[in-house]
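Being a predicted model, the structure only gives us computed values, none of them experimental. The figures that follow rest on heavy atoms only: side chains count, while hydrogens, waters and symmetry mates do not.
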Amino acid sequence: MPKAVQLRQQNFINSILALVQIDTLHENDIVIQIANSTFDAHVQEIVGSLISGATIAMLHPQGNMDFQYISYILHEKQVTHLVAVPTYLNYLCDFLKQNRFPSWILMRNINCVGESVSSAFIKVLMQFVARSCRIWNFYGPAEATLGTSCHLIDVASHMHHLPIGKQLPRYICLLLDNFLQPVVIQEESELLVGGAGIFAGYLNQDDLTAKALVEIDGDIFYRTGDLVRIDNNGLLHYKGRKDHQIKLHGQRIELGEIERCLLRTSISACVVIKWNDDHLVAYVQSSSHIDEQVLREHCQSHLPPHMIPSFFIILDKLPLNQNGKIDRKLLPPRDFSLSTDSSNGDMPRNALEQQLQDIFSRAFHIESPCVEIPFGQLGGTSLGAILALALIRQQISNKVDIGLLFTNPSIRQLAIAMEPLLVLGEAQETVFVVKKVHEIHDRLSPSFVIESVGIVFLVCLWLCPIIIIHRWCPSFFPVLPVFHLVFYVICSRLLSPRYIKTDNLFSWNYYRWWFLDRLWDNNTFWLQHILGTPFYNYYLRLCGARISLNTHIYTTSIDAPWLLEIDVGGWIANETYLNCLYFNDDDTFKLSPIRIGSNCSIGTRSILFDGVEMQNNIIVQPMSSVTGLVTSETIVDGDELKSLPLDMSIIQSNRSLSIWHKIYQIIVIISILCIHCTLLILVYKFYSVRQIPLLISIAFCWTLWSIIGCFVSLLLLKFIVGSCAAGEIYPIASRLYLQKIWLRQLIVSSFHHAWLLPTSYDYLYPYVLRWLGAHIEDNVKLLKIDTFLSFPTNLLKLEMGVTTFGGVLIVPTELTLSGDHCVDQIILGSYTNLANGCSILPGSYLESEIMIGNLTRISRETKNKCGEVFMGVPARTMPFQMPVRSQIQDQIEIRPFWHTCLSHYVSKCLLLSIYSFGGLVGGSIIHTIFVCSLYRCRSYIRHQIIEQVIERLCHDYEQFICPFLGNTQWLIRLFRAYGAHIGENVIMADISSITDYHLMTIGDDVRLNVRTQIQGHSFEQRIFKLAPVSIGNSCVLMSGSIVMAGCKLMGSNRLYPGTLIMKNDQLPLNTHWKGIPAQSYTVKARLSRATIVHNDLVKYQQGNDTINKLFLWYERIASIYTSVNELQFMNYGYADMGEYINDHTGYYSRKLYEQVLANVTLTDQNVLEINCGRGAGAAWCAHTHAPHSYIGIDPSQDVINLCQRLYSTTPRLSFVVADATKHLPFENESIDIILCIEATHAFGESIAITQFANEVVRVLRPNGHLLWCDFCYMDRSSTSIYDLIANDELIIEEKINITRNVLHALDIQNKPRTDFIQRYIQPEEQEYFRRFAGLPGTKIYEDMSQGRSEYWRVVFRKKTTTDMPII
C-alpha cells in the first residue's frame, strides 16, 4: 500500500518559496485546480496558490474528467498557471485539436510533473499556447514535498530526451555511488536529495524510514532510488530505477507490494511488470487453475485502483534463471488477443453498442474490445475514460457524465444505462412541438415574488452600508462607494450567467442577469469617478471581464461586464452601449460576448450588440451600431463598414499611461473627493443648528449644497481645466489630454447631482456658458447644460435663437486615424434646432435656421444651407425645409433662478416629510401615490412654481425609487398607474422608456431595451404638440431607437439599434426596421457583420484548396440568410441572391430541389445529401418532406461546423464530415435516397466519380434512388452521366435536360448577384466569385449558352440484385 509521508509545514512553505523564487508561481497568476486530492500537486494548487497570493479557479466535482468543461474554464477564467502530468495534457491537446477550441493565449507557465516529458509532446503543446508561455519539466518525489529539480524547456531545442534540470532553491541534489562517494560527470548513479523540503519519515514505518534517509555531513538526505546522470552543463538526466518501483500515469507504484498481495491467495509465485507504459500485467504461477476473476476481486479489495493489474496471465510455471530466480526476460510474449477478441456471444447487439465499441477502441487503444468486459480489465485508464466521455458526448449524447461511465464500465452496461437518456431525448423532441405553446406560456410568466424579493435585496444592499456608517462610524462616509462596488463584485461572481446561447425570458438565468444589471446601474455614479483610469479596468476585471490594463473606457452602459474581452490600446467613448443582452423574436433571450481587439477606437453613443467580434485597428465613428465580426483595418460609420484604401493604415499612437499619469489621476480623484467632503462639512455646520426644525434644516442644506456644488464646479472648469485652442491635438497618453479632456468630464460627472438644481431651460444657462468663455447670443434656450460643460466652452458659439432638446450631445473631441483627440470650434447658426439624441462633433458649422433631427450626427463634413433639415448617421439633407421663422410661435418658457431655488427647497421639504412620516416602506408607497395622483391632475395646475415642485417630486421619485424597478413588472404597474395602457409580460428598461403616459397603448410581450424611448409629444420649432402612440403585440425595440408621436406599430415589429420611427408612421405586421428615418430591414442587410478580408482569402487559397475557399462563400451566405423559410440554398452558383420571388417562370434553388424530388417521396425514408453546401437545402428538405432521417455530408469540417451551428435543432437532420469520393461512413444498404446536387463536377478525375458511384451502390438499399443534377461538358472533359453507370449497378429511370431553365434563372438573378458581389466582396476577389456564381459572361454561363455544356437532372435506381463489397 502507499506509504504515508510525514511532511512538516516548513517543508511545504520552503517548497512554495522555491517555486516563487524561480517565477513559476506569481501572485498575479490564475491557477486552475486540476489535480485529484490523491496527488500532491493538489495541495500545491490550492494552499500554495493562496499563500503566494495567486487566484484559484476551482472545478466542480469530477470536473477534471470533462475536457469540454476544462477547456471552457481555461479560456473563461483566463488561467495563467497549469500543473498536470504530460499524459493528461496530451489527451487534452488532442481534444482541443479535434473540437477547435481556442488556444490558451494567456497561459504563462505550464508545469509538467509526475512523468517524463518528450520533445514530441512539447511540439504538440506549443500549438495551443503563446510563444511566451514557459513550459517546465519538474522532478521530485513526495518525500521531498513538491519538487526537487526543474528544467525550463527550450521549445526550439531538438533534444529527444529532456533533462529534469537543476536543483530548486533550498534543495541539494547529490549523485553518489553505493559507498556514498560522488561520481564523475556522465556516470549513472543514485540521486540523493537534501534541503528544506525533505520529509520527517514514513508514518509508523520506522524501518522504511531508516532505509530511505541517510545522514551526510550532518544533513539528512533521502535516497530516491532513481538512477540519474549529470551532464557537462550541470543538468540532471533521469535514467530509470534501481529497484522495481515504477511510475504509471503519474502514480508511483511498488511492484513488490502488488506481488505480496497476490501471494496471499492460493498461487505459489507471481511477478508484475509494466507493459507499454500504460498497463500492469501480472504473471501468476498456479497449479490449482485459479480463476482470473478471483485474483482481480482480491486485488480490488486490498489495493487502490491504480495498482490493480489490467491483465492476469496464469502459467503452470514461471521461467527461472540459473540462480533459481524469476527471469523477467523469459516471460512469454504478451499476446492479449484472447482477452480482447470478441466471441460470437460477445458481439455488439445493436447500433448503440457498435458505436460505443468504436469509441472504446479509439479511446483505450484496443482493437474490437469485448462488450461485456469493463474497460479497466481491458487495460483502460482514467485518462482513456476522459477521452471516451468526450467522444460519447460528441457522437451520441451530451447527457452522459463521468459518473455514469465509471458506474457502467463495460460497453453493454453503458449502452443499457444510456438507452433511457436517448429515448427521453427523442420523446422530449417529439412532445415539444405538441406542447410548445403551453410550455412557453408557463415559462414566460414573470414572477412578482422573485422581482419583489430582488428589489428588497437591492434596496438593502444600497442602504445597509449607509445606515451602518451613519450610526457607528460617520468618518467612514468617504469610503461608502467601496462597499457598494464590492457588493457588485461579490454578486457577479456568485450569480453572473455566462454565455447563454438561448434561454427563456423570466427564467432563473434571466433574473440573475436582471439583478446584476440593476445593481450595476445603481453604482454608475461611483464608477463615473474612475472612468478612463486603470482603476476602472481593474474593477471590470474583478467583475469577470477580460480587459487589458492599457485600455481607456469611458462608458458605464454595460449590461453584462463579465462578457467583455478588450485587448490592449482600446478606447471606448462615453455613452457607448455594450449590449450583450438580445431579445429574440420567440420570447427568449441570449447573452453574447463582446470581444474588442487591440488599438480599437469606439466613438460616443455607438451601440455594440448581439455578439461582437472586433479584430485589431478598427475605428467606430460616433453613433454607429456594430454586430458580428468586424475585420482589422476597418472604419465603421453608421451601419457601413469601410475598408481603408491600400495607401492608408490605422497606426495608433502610444496609449499607455505612464506612472506619472496614473499618479496624476489618483491625486485628482482624491482631490475631488476631498472637495465633496469639505462641502458636506460646511453644509453640516448649518444642519447642526438646533433652533431650526430638522426637516427644514435638511432641505435647506440640500439646496445649499447644490448651489455651492455648481459654483465650485464652475471654478474648477474655468481656472483648473482652462481653455483649449482650436485644432489642438491631444494624444491619450499625455498630460494635456488628462487635464483638458479627462478632468473636464470627471468634474462634470462628479457634480452632476448638484446641476440637478437648475431645471429645464433655466435662465442661468447662457450666463454660465458666457462666463466660461462661450459666445452665446440672446434667446438661446438649452434644455440641459451638462453636455455643454463637457465641451471646451471657449470653442463654442451659439447664435441667436438656438434651441436644444433632450439628449443632445456636444462631443468634446474628434478621433483621428492615429487614435489621438482633436478639439475644434462648434458654431450653431441662428435659430438652429437640435432635436432629441443628436450629436454635434468638433468642427461642425451650421448655417442659420437649420433643423437637426433626432438621432442625427453632425460633423465638419456636413455641408449645409440656410433652412435645411438634416437626419441620419452621418447626417443627410432631407427633402423638406424649416418653416418660415415669422410663423413660429415660441412655447418654451425660461425659468427664473429664484423660482428654481424655491421649488427645489419646497420639493425637498415635502420629500423628507413623506419619508419621515411613513418610514422607508410607507414613505415609498405614499410617494408613489402622490406622484401618480399629481400626474393625473397636472392639467388643472397652472402656477409655475407649483408645476416645478411637482416636477421635482416626480424627478426625485425617478431618481431614488425607479432605478430598482427597471425591467420588472412593478415598473409596468407604475406606468399603468400613470395612465398608460400596457399589456402583459412587457419588459421596459427604465422610467424614461416612455413619456406622456396617457397617450401610450402597448400590447403584450413587448420588449424595450435600455435607451429606447417612446414619446407622445414633439417640439416642432418650439411648438409643443401631442399625439397618441400604439405599439402592437410582440414588438422588440432595441437600444437607442426612438418612436415619435402619432406612430403605430401593428405588431411583431423589430426596431434595430439607432432606429427612428417618424411622426405618424405606421409599420406593417411582422416587419423589421432600421435607419434614420426608418426603412424596411431584411435579414440580408446583416451581411455587413462579417466582411471577408483579403488576408483570409489568401490563406485559404494556399495549396489551391477549393473546398476551403468555397467555405468562405458558404459563411458569407450564412451570415445573410439565417432563416430556413427564405430558402436561400447554396447550390454552388445557382442560388437566389435576392429575396425569394414566387415567379414560376424562373428557376430558383427551391424549384431545383422540387424538380429533383419530383417523382420520389422522402417521407419516412433515410436520406443522404452529398456536399450539402451550407445546409439550408438539407434543412428545407427535412422540414418539408419529414424523412425518417436526413444526413448531409461534406468533406470540410468548417462547412459541417457551420451547418450544425445553423440547423442543429432541426429534427431528423444531422451532418457528418466525409469525402464521398473515397468512402461513405454508413453501413451497407442503409440509405433509401441519395441526393447529389451540383457536386460531382467538383470531384475531378473520372476515377473519383467511379469510386463515388461504387460507394453509392454500396450504401443504397435495393431499388434505392440516386437523385442527381449537374452540368456536363459535351466533350466528356468533366463529369458525365455515364460515369455513374459504368459499374452497371445503377440504371437511369429518368433524364431531363434543364439547361434553358438554369440559364433563365441566372439571367433573372444576374442583377442581385452582381450587386451582392460588388457590395460585399473585396475587389480583388470579385472576379472569382463572379465565375463561381455563374454570372453572364463567365465560362460556366457561356459554355451552357453556346452548347458546350448541358445541365441535366437524372434519377438513378439501384438494381435489386447486386454483389456487395464487404467492409
Side-chain angles (χ1 to χ4, degrees), residues 448-449 451-472 474 477 480 483-484 487 515 518-519 521-525 680 683-684 686-687 692-706 753-754 756-757 759 902-938 941 945-979 990-992 997:
F448 278 97
V449 174
E451 292 177 355
S452 301
V453 172
I455 291 170
V456 171
F457 196 54
L458 286 169
V459 173
C460 291
L461 286 178
W462 183 255
L463 289 180
C464 284
I466 298 175
I467 295 172
I468 293 172
I469 291 174
H470 174 72
R471 181 163 297 182
W472 284 290
F477 260 111
L480 173 64
F483 291 94
H484 289 150
F487 282 156
F515 181 85
R518 291 298 90 204
L519 196 57
D521 189 66
N522 291 333
N523 286 337
T524 52
F525 177 73
L680 290 175
V683 171
Y684 184 80
F686 184 88
Y687 168 78
I692 304 175
L694 183 61
L695 295 180
I696 296 176
S697 174
I698 295 176
F700 183 83
C701 291
W702 198 331
T703 305
L704 182 61
W705 173 84
S706 299
H753 289 285
L756 294 177
L757 170 69
T759 55
L902 179 60
S903 62
H904 185 277
Y905 174 75
V906 173
S907 66
K908 295 304 177 280
C909 287
L910 289 173
L911 180 68
L912 294 169
S913 300
I914 290 171
Y915 284 92
S916 63
F917 175 78
L920 181 62
V921 177
S924 301
I925 296 172
I926 296 172
H927 197 181
T928 303
I929 296 173
F930 196 58
V931 296
C932 291
S933 302
L934 291 174
Y935 179 82
R936 288 178 174 270
C937 299
R938 70 196 180 287
I941 300 172
I945 293 182
I946 297 177
E947 286 181 344
Q948 291 185 29
V949 170
I950 295 173
E951 181 180 322
R952 288 188 179 278
L953 279 173
C954 293
H955 185 270
D956 289 337
Y957 185 81
E958 295 172 6
Q959 185 177 358
F960 298 118
I961 303 298
C962 292
F964 299 99
L965 308 181
N967 290 312
T968 70
Q969 298 306 298
W970 287 106
L971 183 61
I972 304 304
R973 289 192 169 188
L974 176 64
F975 285 141
R976 291 172 184 156
Y978 277 135
D990 50 53
I991 191 67
S992 63
Y997 310 107

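- Minimum interatomic distance between Ser907 and Leu953 (heavy atoms only, all atoms of both residues): O-CD2, 3.6 Å.
- The distance from atom CD1 of Ile469 to atom CG of Leu480, rounded to the nearest 0.5 Å, is 5.0 Å.
- Classification of the Tyr957-His927 ring pair by plane angle, with boundaries at 30° and 60°, yields perpendicular.
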Show the numbers, then the answer: is there a side-chain contact (heavy atoms from CB on, under 4.5 Å) between Trp462 and Asn523? CA-CA 9 Å; Trp462 183 255; Asn523 286 337; 3.8 Å; yes

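- Shortest non-hydrogen contact noted between Ser706 and Leu757 is CB-CB, 3.8 Å.
- Atom CG in Leu519 sits 9.0 Å away from atom CZ in Phe964 (nearest 0.5 Å).
- Here CD of Gln969 is found 10.5 Å from OG of Ser452. Values are rounded to the nearest 0.5 Å.
- Summarising the geometry of Gly454 relative to Phe515, their closest heavy-atom pair is O-CE1, 3.8 Å, with the distance given to 0.1 Å.
- With rounding to the nearest 0.5 angstrom, the NZ atom of Lys908 is 8.5 Å from the OG atom of Ser903.
- At a threshold of 4.5 Å between non-hydrogen side-chain atoms, the residues Val459 and Leu920 count as touching.
- Between Phe960 and Leu911 the shortest heavy-atom distance is CE1-CD2, 4.3 Å.
- Here CH2 of Trp702 is found 10.0 Å from NE2 of His753. Values are rounded to the nearest 0.5 Å.
- Within 6.0 Å of CZ in Phe457 there are 12 or fewer heavy atoms belonging to other residues, nucleotides or ligands.
- Using modelled atom types, no side-chain atom of Asp521 and backbone atom of Pro963 make a donor-acceptor pair closer than 3.5 Å.
- Trp970 pairs with exactly one of Thr968, Asn967, Leu974 by the side chain to side chain contact (heavy atoms under 4.5 Å, CB included) rule, that one being Thr968.
- Considering all non-hydrogen atoms of both residues, Tyr978 and Val931 come closest at OH-CG2, 3.7 Å.
- Between the side chain of Glu958 and the backbone N or O of Ile991 there is no donor-acceptor pair closer than 3.5 Å.
- With rounding to the nearest 0.5 angstrom, the NE2 atom of His904 is 7.5 Å from the CG atom of Leu756.
- Side-chain contact between His484 and Phe525 is absent, with no heavy-atom pair separated by less than 4.5 Å.
- With contacts defined as side-chain heavy-atom distances shorter than 4.5 Å, the pair Phe483/Ile466 does not qualify.
- Between Gly918 and Ile926 the shortest heavy-atom distance is CA-CD1, 4.3 Å.
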